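Here's the structure, in structure tokens; my notes come after.
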Amino acid sequence: MKRTPIKKIFSSGKLGERILVKGWVRTFRNNQFISINDGSTINNIQAVIDSSQTSEDIKAKLNPGASVSVLGALVESLGKGQSFEVQVEKLDILGESDPQVYPLQPKKHSLEFLREKSHLRPRTNTIGSVLRIRNEVAYGIHQFFYERGFYYLNTPIITGSDAEGAGETFRVTNFDIENLPLDEEKKVDFKQDFFGKPVNLTVSGQLEAEAGAMSLGNVYTFGPTFRAENSNTSRHLAEFWMIEPEMAFVELEENIEVAEEMLKYLIKRVVENCNDDLEFLDKRLADEEKTKPEKDRSELGLVEKLKFVLENEFEKISYSEAIDILKNSKPNKKKKFKFPVEWGIDLQSEHERFLVEKHFKKPIVVYDYPKGIKAFYMKQNDDGKTVRAMDVLFPGIGEIIGGSQREEGLDKLKTRMQEMNVLQEDLWWYLELRKFGTAPHSGFGLGFERFVQFVTGMGNIRDVCLFPRFPQHAEF
RNA sequence: UCCCCCUUAGCUCAGUUGGUUAGAGCGGCUGACUGUUAAUCAGUAGGUCCUUGGUUCGAGCCCAAGAGGGGGAGCCA
């Protein structure tokens, strides 16, 4: 007999049928009631044993965390907490769990403590819900692009080019680092390395995706990226996943439209398909908010916030307009900003937060940034000062998407590379995309974990991955 | 990398102006319990007060350095 996932029992279980349930014990109460969770859903199923017919040895092993197999009939429950339960005919302990050392108790644990037990924390309601929602989002991303005729492209994880010229990279080598081969000038001789040149883990698949767009039309990547930056914040990881669509014959305006449409599609999907998990996280967040001082509490609950984003159009403003709003803002006039507002500066967290959370009170898209603070490949506007870049800013997490229309003119691109000290010989192939059949094209990058953070309401990005990677942390 | 905060039982925390024997809830252990819902009831064990050094008659509490954790900033997604 095959086991029935608990999720299936809740959705289509029939009273009277005999079922086999396998999962992990959450609690064992009153010598009778086993609460079992198998990860398929946040909901537990209650299995009822006949205490007098069950050996003391078995009962002593029904501890939190133990894995069990339960065979019995699905019957109407006599108790009030659930409408049905399993009347146990046969119970097997598959794996014991010593309560003296099992770290997860039937009580609330701090997320910091759970982070030290990353291998067990998916068994908690919170992390379990987050990972199920993460899956829903990942699947939704593929479906969104598939439905629109985009091709899923796998760009290399090991690359020879540092895509944006910014961001520390992780070097990849098979050298014996205790004994590096040196050339005549006593420098490391990369000719002897595996690839015959220095290579690193990718920081972005964008440049490679552009090659895809210049042949397949509309493509997207969805894969891991790596940054060796010493970032210690609640929204940075050393290893994270990025979604990077790249579209041929598309200009910035349409790029922004696709970004907004995608974000809403994904949120809608989670709201529709992850009700149980979302409800739990909503309540969790509400409880957490209660412990904060009133002025720091957010006005909307998690589900309310998601629906709010769905129902409202993102505000689109140019960088110059954003600067004007900031200059005329109360905090600026009262000199509350730590960083002065001046055309040409990069928007700081405090500025973004003011625009999103105080001024517009909804997601915003800022476009046409000064060229001096953006990457070399972005298309230059005719004003000579700005580029066709756009950032989508979300409440709570700030920049969730960064994108642009790409410079398709070969000469303009070369000039810009020279100005910004990007080596043309390293990117000869990228330049050839402009030499042969160049075309307007655009794309953007969505930080997967940041988006999952937003839809789950988790405050720390380290709690939306199974085993997060960040400075000094690769235990698991 | 910078700034701020924290570190007391397995977990979450309390611990008064420096004062003698460091507490609670949950969890553990022993026992009871056939309709419980993070079950409940009775009993019980459990501490390198992060580490090192210092001040003091006396330090969980004060000072210094270090370690670990968190929040914020920068970089960005």
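Throughout, a chain's letter reflects where its sequence line sits, starting with A, and its residues are numbered from 1. Small disclaimer: the values here were computed from a predicted structure and weren't measured.
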When you get a sec, tell me which of B:G35, B:G69, B:C29 is the closest nucleotide to the side chain of A:Gln100? B:C29
Please measure how far the C1' atom in B:G18 lies from the corresponding atom in B:G74, and state the result in whole Å. 41 Å
Take the protein atom CG of A:Asn37 and the nucleotide atom P of B:U37, then report the distance between them rounded to whole Å. 19 Å
Is A:Asn30 near enough to B:C33 that one of its side-chain N or O atoms lies under 4.0 angstrom from OP1 or OP2? no
Rounded distance [0.5 Å steps], CZ in A:Phe28 versus CD1 in A:Ile34: 6.0 Å
Taking only side-chain N and O atoms of A:Ser231, does any of them lie within less than 4.0 angstrom of OP1 or OP2 on B:C76? no
Out of B:A73, B:G28, B:A77, which has the shortest distance to the side chain of A:Arg235? B:A73
Options B:A39, B:C29, B:G70, nucleotide nearest the side-chain atoms of A:Arg462: B:G70
Pairwise P distance for B:A22 and B:U48, with rounding to whole Å: 13 Å
Closest-nucleotide mapping onto RNA chain B: is A:Ser35 or A:Asp98 further toward the 5' terminus? I mean the 5' end. A:Asp98
Check this for me: A:Lys361, atom NZ, are more than 12 non-hydrogen atoms of other residues, nucleotides or ligands nearer than 6.0 Å? no
Taking the side chain of A:Ile461 as heavy atoms from C-beta outward, which of B:A77, B:U34, B:U36 is closest to it? B:A77
A:Phe33 aromatic ring stacked with six-membered ring of B:A39, 5.5 Å and 30°: no
Given atom CG of A:Leu78 and atom P of B:U36, what is their separation to the nearest angstrom? 10 Å
For the residue pair A:Phe476 and A:Phe467, does the interplanar ring angle fall in the parallel (under 30°), tilted (30 to 60°) or perpendicular (over 60°) class? parallel
Roughly how far apart, to the nearest Å, are B:A14 and B:G71 at atom C1'? 23 Å
Can you tell me the distance, in whole Å, between the CD atom of A:Gln105 and the P atom of B:G28? 7 Å
For the P atoms, the ones on B:U8 and on B:G60, what distance do you get once it is rounded to whole angstrom? 15 Å
Work out how far the C1' atom of B:G47 is from that of B:A24, and round it to whole angstrom. 15 Å
Hey, which of A:Glu251, A:Glu253, A:Glu407 is the one that makes side-chain hydrogen bond (donor to acceptor under 3.5 Å, both in side chains) with A:Arg388? A:Glu253
Could you work out which one of B:G27, B:G35, B:A73 sits closest to the side chain of A:Gln82? B:G35
Given the rule in the ring-ring contact (aromatic ring centres under 6.0 Å, His included) test, do A:Phe10 and A:Phe84 qualify, once you have shown the distances and angles that lead to the verdict? CA-CA 9 Å; A:Phe10 273 84; A:Phe84 51 84; 5.1 Å; yes
From B:A39, B:C33, B:U37, pick the nucleotide closest to the side chain of A:Pro106? B:A39
Write down the distance between CZ (A:Phe28) and C1' (B:U36), rounded to a whole number of angstrom. 11 Å
Using atom P of each nucleotide, how far apart are B:G25 and B:U21 to the nearest Å? 23 Å
Taking 4.0 Å as the cut-off, does a side-chain nitrogen or oxygen of A:Asn31 come that near to OP1 or OP2 on B:G35? no
A:His473 side chain N/O closer than 4.0 Å to the phosphate oxygens (OP1, OP2) of B:G69? yes
Would you indicate which nucleotide in B:G35, B:U12, B:A39 comes nearest to any side-chain atom of A:Thr27? B:A39
Could you tell me whether the phosphate oxygens of B:G74, OP1 or OP2, come under 4.0 Å of any side-chain nitrogen or oxygen in A:Ser349? yes
Rounded to whole angstrom, note down the C1' distance from B:U37 over to B:A59. 47 Å
Under a 4.0 Å threshold between the charged nitrogen and the carboxylate oxygen, would A:Asp391 count as salt-bridged to A:Lys374? yes
Is there side-chain contact between A:Lys327 and A:Trp343, with heavy atoms separated by less than 4.5 Å? no
Which nucleotide in the set B:C29, B:C75, B:G72 lies at the smallest distance from any side-chain heavy atom of A:Ser234? B:G72
Check whether any side-chain nitrogen or oxygen of A:Arg29 sits under 4.0 Å from OP1 or OP2 of B:U36, and answer yes or no. no
Length of the line joining A:Arg26:CZ and B:C26:P, which is rounded to integer Å: 21 Å
Take atom CD of A:Glu229 and atom C1' of B:G74, then tell me their distance rounded to the nearest Å. 10 Å
Quote, to the nearest angstrom, the P distance that separates B:C3 from B:C57. 35 Å
What is the distance, rounded to the nearest whole Å, between atom CD of A:Glu288 and atom C1' of B:G70? 13 Å
In whole Å, what is the span from the CD atom of A:Gln32 to the C1' atom of B:U37? 12 Å
Enumerate, in order of first residue number, the stems that involve RNA chain B, defined as 3 or more consecutive Watson-Crick or G-U wobble pairs with both distances under 3.5 Å. B:1-7 with B:67-73, B:10-13 with B:23-26, B:28-32 with B:40-44, B:50-54 with B:62-66
Quick check on side-chain hydrogen bond (donor to acceptor under 3.5 Å, both in side chains): which of A:His142, A:Arg148, A:Glu246 does A:Tyr220 satisfy it with? A:His142
Heavy atoms only: give me the nearest A:Gly457-A:Leu285 pair and the separation to one decimal. O-CD1, 3.3 Å
